[in-house]
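Presented below is the structure to which this report refers.
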Amino acid sequence: MSGLHIPLGTPDGSRTEHAENLLAPNPSAMTLDGTNTWVIGTRDAVVVDPGPDDEAHLLRVRDHLGERRVTQILLTHGHADHSGGAKRFAELVDAPVRALDPRHRLGDEGLGDGDVITVDGLELHVYATPGHSFDSLCFWLPQDRAMLTGDTVLGRGTTIIAQDGGLGDYLRSLDRLRAAAEGLGARALLPGHGPVLPDPIAALDGYIAHRRQRLDQIRTAQAQGARTPREVVEIVYADVDRSLWPAAEVSVRAQLDYLERL
Ligand SMILES: [Zn+2]
């Protein structure tokens with residue numbers, strides 16, 4: 001596809017025609033290669049997720065912008081690996097921060113479902129996609145037919161349901177994104193971590209299937225006598241690196257809550 005560039009080995013520098021990724025240096029089991037900071041616009045710019053409070057990264061993004069004026073900083077959600085550097089970056093470029101959660105805003109303007117942000121002749125359409133966190137948003141960039149997905153869909157592996165999220169919401173959000181991707185003819189998902197996904201429908205179908213499969217596995221583990229989240233993790237995530245078990249436990253707790261309420 002014209003305009004889509006996915007470098008090998010690192011998400012840094014991946015781009016569509018009007019969106020470009022500058023990777024933050026905070027790799028971990030949870031953040032994959034690190035947080036993707038997306039810059040949208042070639043004259044004026046919007047910056048999505050400045051990333052963690054890492055001065056070198058924030059300066060790199062500012063310097064990369066050159067003469068471009070940052071009109072707004074947007075957050076896909078309030079988790080620190082996306083929002084931690086927002087206040088400092090706002091100072092550096094003198095721009096407001098907009099987020100669904102008022103605690104993460106700087107300035108008067110909120111951000112929510114149905115909002116349309118314009119910059120440099122481009123539009124960003126806001127989709128509320130709660131689940132990974134209660135305040136998760138996705139941004140549709142129609143000019144590039146690209147959806148910025150934050151942590152709702154990652155470039156590799158699967159996301160977790162954080163303590164401030166919920167599985168019922170998450171499943172509805174995935175269905176909504178799937179319908180939007182199909183209806184809008186999406187050509188790329190630009191995630192908050194990991195590489196660009198050039199086949200949105202396949203990626204979303206994979207996510208939805210994975211969630212159903214995990215729920216089935218949890219029902220099976222329960223049938224085998226597992227009761228606590230930890231006991232379920234020991235069975236269902238037996239083949240997963242143990243450093244991820246605490247995160248898996250949070251995810252399992254969300255799934256047990258969901259199954260209990262069905
Ligand atoms: Zn994240």
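Along the sequence shown, the residues carry numbers beginning at 1. Counting starts at 1 for both ligands and their atoms, following the listed order. If you're wondering where the values come from, they're calculated on a predicted model, not measured in any experiment.
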If only protein N, O or S atoms under 2.8 Å count, total around the Zn ion (ligand 1): 4
Who pairs with Ser83 by side chain to side chain contact (heavy atoms under 4.5 Å, CB included), at least two apart in sequence or on another chain? Leu75, His104
Please enumerate all residues that pass side chain to side chain contact (heavy atoms under 4.5 Å, CB included) together with Thr10, with sequence neighbours excluded. Asp12, Leu23
Classify the side-chain pair Glu123/His125 by whether it contains a donor and acceptor separated by less than 3.5 Å. yes
Side chain to side chain contact (heavy atoms under 4.5 Å, CB included) with Leu167: which residues, sequence neighbours excluded? Ile161, Tyr170, Leu171, Arg211, Leu215, Gln255, Tyr258
Can a salt bridge be assigned to the pair Asp94 and Arg69 using a cut-off of 4.0 Å between side-chain N and carboxylate O? no
Would you find a donor on one side and an acceptor on the other, under 3.5 Å apart, between the side chain of Thr149 and the backbone of Thr152? no
